[in-house]
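Beneath this line is the structure, given in structure tokens, with notes to follow.
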Amino acid sequence: MSELGYKKNDPTFCYRAIHEGNEPEQWNHLALVPLISLSTTYKREGPSEFKLYKYGRSGNPTRHCLEKCLASAENAKHCLVTSSGMAAVTAITHLISAGEHIIATDDINNGTNIYFNNVASRMGIEVDFVDAVDLKNVEAAFKSNTKMVWIESPTNPTMKIVDIAAVAAIVKKHTTSFLVVDNTFMSPYFQRPLDLGADLVMHSITKYINGHTDVIMGAICTNRDDLHDELRFFQNAIGSVPSPLDCYLVNRSLKTLALRMEQHMKNGLAVAKFLETHPCVEKVIHPGLPSHPQHELSKRQCYGHSGMFSFCIKGNSLKASTHFCKQLKMFTFATSLGGAESFCQPPCVMSHKCLPAETRENLGITDGLVRVSCGLEPAHDLIKDLDQALRVVVPNDEETVPVKCLEDNLKACGI
């Protein structure tokens with residue numbers, strides 16, 4: 001167990017993230033850094049005679065390096081990268097046929113929600129959304145035509161933790177179904193769902209894996225040859241592949257993933273602990289806090305937690321949450337997460353604004369809820385910024401939270 005109570009991580013992870021797929025021996029001149037191969041086509045000796053690659057959409061040396069490295073990071077046999085996270089969602093959904101059924105976590109990425117409700121439904125695919133924290137809901141949602149179960153853990157933005165291994169066990173009882181886990185919030189450094197029984201893992205690489213807010217990309221990892229073969233066909237047939245330059249940038253980012261995720265975790269936990277004591281905050285939702293309902297499950301299932309959490313401003317009003325985000329100096333008021341920069345947003349009017357108000361309320365996406373992505377800035381500065389913004393928005397007669405409390409929080413997180 002780590003000092004924060006999570007499972008001990010794989011000591012080979014950093015080595016693999018730096019070296020896997022980057023072997024100099026694959027290049028004639030033994031380059032230590034994978035080449036950016038921009039060629040769109042490759043010479044053949046005959047109509048069906050080619051070496052490794054035939055056309056850029058079908059395969060690319062730079063992309064191959066990245067896919068090999070990502071597969072290793074997720075303990076997967078196969079990896080496919082796509083032009084965006086939603087392109088990965090699209091490719092996976094093409095595994096489902098008209099008349100078949102999807103079970104999805106009720107609190108998921110809004111883009112995935114929109115796609116299931118407004119695109120998959122047009123293809124004759126049924127979708128039911130359930131609170132997958134309660135395993136009985138997952139079991140009860142199965143139908144004779146259920147093909148796919150799609151979960152996030154933690155969920156977006158209410159940070160619920162789903163027992164991946166337990167859901168995988170349920171899915172395996174229904175032999176025609178498969179389980180997909182969106183692992184974007186955690187990255188393969190802090191959570192590896194294939195090890196817990198998932199059939200597919202997808203990422204919006206745009207977020208933590210790339211981590212520099214300059215690439216849009218998705219990924220799908222699996223150990224199942226049958227699913228990989230179908231998805232590889234879709235990758236080529238649909239054509240939503242990333243550019244070689246973007247693959248190069250993400251491959252470079254993987255080399256610092258472990259270091260970045262450790263700092264994201266320390267910053268996020270330090271800030272969340274501080275906010276939990278703040279007189280202007282109603283509640284903090286962070287799986288690393290003992291106050292989180294699935295805190296113990298999180299420690300058993302994960303190797304740590306990213307910089308993501310949510311909190312509710314006292315008074316729970318949209319005016320307060322919006323005004324608060326505008327007052328911040330070190331947090332960028334923007335859509336995204338997982339970058340070196342810290343982000344803040346009220347999901348009810350940004351990431352999840354397309355959901356009906358009643359649905360948002362039932363999910364706990366209230367007007368005063370703020371989703372936080374803690375970046376790599378000094379935690380001490382982030383805390384000061386949040387404190388000043390809260391006190392502007394929610395005037396309070398209580399004394400300023402003592403500096404000692406802040407220092408204790410930082411010390412507890414090793415900062």
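Just so it is clear, the structure is predicted and the values come from calculations on it, not from any experiment.
- Under 4.0 Å is where a charged nitrogen must lie from a carboxylate oxygen, and between Asp385 and Lys329 no such pair does.
- One finds the CG atom of Leu66 at 12.0 Å from the CD atom of Glu20 (value rounded to the nearest 0.5 Å).
- When each of Cys312, Cys325, Pro157, Ser310 is paired with Val370, the side-chain contact (heavy atoms from CB on, under 4.5 Å) condition holds for Cys325 and for no other.
- Side-chain contact of Ser291 with Glu276: a donor-acceptor pair under 3.5 Å is present, judged by distance alone.
- Salt-bridge annotation for Lys299 and Glu296: present, with a side-chain N of the basic residue lying under 4.0 Å from a carboxylate O of the acidic one.
- For Glu74 and Arg16, the salt-bridge test fails: no basic side-chain N is under 4.0 Å from an acidic carboxylate O.
- Judged purely by distance below 3.5 Å, without hydrogens or angles, the side chains of Asn137 and Asp131 never pair a donor atom with an acceptor atom.
- Ring centers of Tyr42 and Tyr53: under 6.0 Å apart, within the cut-off.
- The minimum heavy-atom distance between Thr105 and Ile151, with the atom names listed, is OG1-CA, 2.9 Å.
- Residues Phe331 and Glu341 form no side-chain contact, since every pair of their non-hydrogen atoms from C-beta on lies 4.5 Å or further apart.
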#### Entry: Audit row: Phe311, Phe324, ring pair (Phe, Tyr, Trp, His ring centres under 6.0 Å) steps and yes/no
CA-CA 12 Å; Phe311 72 96; Phe324 165 78; 5.6 Å; yes

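- The main-chain N or O of Gln327 is found under 3.5 Å from a side-chain atom of Gln388 such that the two form a donor-acceptor pair.
- Looking only at distances, a side-chain donor or acceptor of Arg260 sits under 3.5 Å from a matching main-chain atom of Ile209.
- The shortest non-hydrogen separation linking Pro34 to Leu32 is CD-O, 3.9 Å.
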### Query
Given Asp199 and Val181, is the side-chain contact (heavy atoms from CB on, under 4.5 Å) satisfied, shown in steps?
CA-CA 8 Å; Asp199 297 290; Val181 178; over 6 Å; no

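- The heavy-atom pair separating Phe190 from Ser306 by the smallest distance is CD1-N, 3.8 Å.
- Counting only distance, with no hydrogens or angles, the side chain of Thr146 and the backbone of Lys143 share a donor-acceptor pair below 3.5 Å.
- With respect to Lys319 and Asp367, no salt bridge is recorded, no charged nitrogen being found less than 4.0 Å from a carboxylate O.
- When only modelled atom types and interatomic distance are considered, Glu377 and Gln263 share no side-chain donor-acceptor pair under 3.5 Å.
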### Query
For Arg252 and Asn210, what are the C-alpha separation, side-chain angles and deciding distance, and is it a side chain to side chain donor-acceptor pair (under 3.5 Å)?
CA-CA 8 Å; Arg252 184 175 65 169; Asn210 180 56; over 6 Å; no

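- Annotation: Phe185 is not in aromatic contact with Phe309 [ring centroid separation under 6.0 Å not met].
- Between the OG atom in Ser240 and the CE atom in Met86 there is a gap of 11.0 Å [rounded to 0.5 Å].
- Listed for the Asn109 side chain is no donor-acceptor partner under 3.5 Å among the backbone atoms of Asn156.
- At a threshold of 4.0 Å, the pair Lys136-Asp134 does not count as salt-bridged, since none of the basic side-chain nitrogens sits closer than that to a carboxylate oxygen.
- Close placement of the Tyr208 and His264 rings is indicated, their centers lying within 6.0 Å of each other.
- The backbone N or O of Val372 sits nowhere less than 3.5 Å from a side-chain atom of Gln345 that would complete a donor-acceptor pair.
- Within the 4.5 Å cutoff, the side chain of Gln301 has heavy atoms near those of the Ile161 side chain.
- Of the possible polar contacts, none joining the Thr62 side chain to the Pro244 backbone as a donor-acceptor pair under 3.5 Å is found.
- When all heavy atoms of Val130 and Ile103 are compared, the closest pair comes out as CG2-CG2, 3.8 Å.
- Annotation: side chain of Asp10 is not in contact with side chain of Tyr15 (no heavy-atom distance under 4.5 Å).
- Looking only at distances, no side-chain donor or acceptor of Asn267 sits under 3.5 Å from a matching main-chain atom of Gly307.
- For the pair Ile383/Leu275, no side-chain contact is recorded, criterion being any heavy-atom separation below 4.5 Å from C-beta on.
- In this structure, Lys147 does not pair ionically with Glu126, as no charged nitrogen and carboxylate oxygen lie closer than 4.0 Å.
- Pairs of residues two or more places apart, or lying in two chains, that qualify as salt bridge (Lys or Arg N to Asp or Glu O under 4.0 Å) and include a residue from residues 94-108 are Asp106-Lys160.
- The side chain to side chain donor-acceptor pair (under 3.5 Å) test applied to Ser83 returns no partner, not counting sequence neighbours.
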### Task
Verify side-chain contact (heavy atoms from CB on, under 4.5 Å) between Arg391 and Asp387, making sure each step is shown before the conclusion.
CA-CA 6 Å; Arg391 293 185 183 283; Asp387 179 62; 2.9 Å; yes

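- Summarising the geometry of Leu135 relative to Asp163, their closest heavy-atom pair is CD2-O, 4.4 Å, with the distance given to 0.1 Å.
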### Message
Determine whether Phe234 and Thr90 satisfy the following criterion, side-chain contact (heavy atoms from CB on, under 4.5 Å), listing intermediate values before the conclusion.
### Response
CA-CA 9 Å; Phe234 292 146; Thr90 300; over 6 Å; no

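- The closest donor-acceptor contact from the side chain of Arg232 to the backbone of Cys79 lies under 3.5 Å.
- Going from atom CG of Leu382 over to atom OG of Ser342 covers 4.5 Å, rounded to the nearest 0.5 Å.
- Side-chain contact check for Arg300 versus Lys7: every heavy-atom pair is 4.5 Å or farther apart.
- For Asn118, there are no side chain to side chain donor-acceptor pair (under 3.5 Å) partners, not counting sequence neighbours.
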### Task
Just do the side chain to side chain donor-acceptor pair (under 3.5 Å) check on Asn22 and Lys68 with the steps written out, would you?
CA-CA 9 Å; Asn22 291 257; Lys68 186 177 179 182; over 6 Å; no

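- To the nearest 0.5 Å, the span separating CD1 on Ile216 from OG on Ser84 amounts to 7.5 Å.
- At least one side-chain heavy atom of Cys69 sits less than 4.5 Å from a side-chain heavy atom of Asn251.
- Under the 6.0 Å cut-off for aromatic ring centres, His286 and His292 do not qualify, their centroids lying 6.0 Å or more apart.
- Donor-acceptor pairing under 3.5 Å is lacking for the side chains of Arg122 and Asn117.
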### Query
side-chain contact (heavy atoms from CB on, under 4.5 Å) between His305 and Tyr6: does it pass, once the steps are laid out?
CA-CA 9 Å; His305 186 72; Tyr6 287 99; 3.5 Å; yes

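- With a 4.5 Å cut-off on side-chain heavy atoms, Asn9 and Arg192 count as touching.
- Side chain of His78 to main chain of Thr222: no donor-acceptor pair is present (N/O by atom type, distance under 3.5 Å, no hydrogens or angles).
- How far OG1 of Thr158 is from CD1 of Ile108: 11.5 Å, rounded to the nearest 0.5 Å.
- The minimum heavy-atom distance between Gly304 and Met186, with the atom names listed, is O-CE, 3.1 Å.
- Side-chain contact between Cys344 and Arg371 is absent, with no heavy atoms from C-beta onward closer than 4.5 Å.
- Side-chain atoms of Asn183 do not come within 3.5 Å of backbone N or O of Met202 as any donor-acceptor pair.
- Note that the CG atom of Asn145 and the CD1 atom of Ile102 stand 10.5 Å from one another [nearest 0.5 Å].
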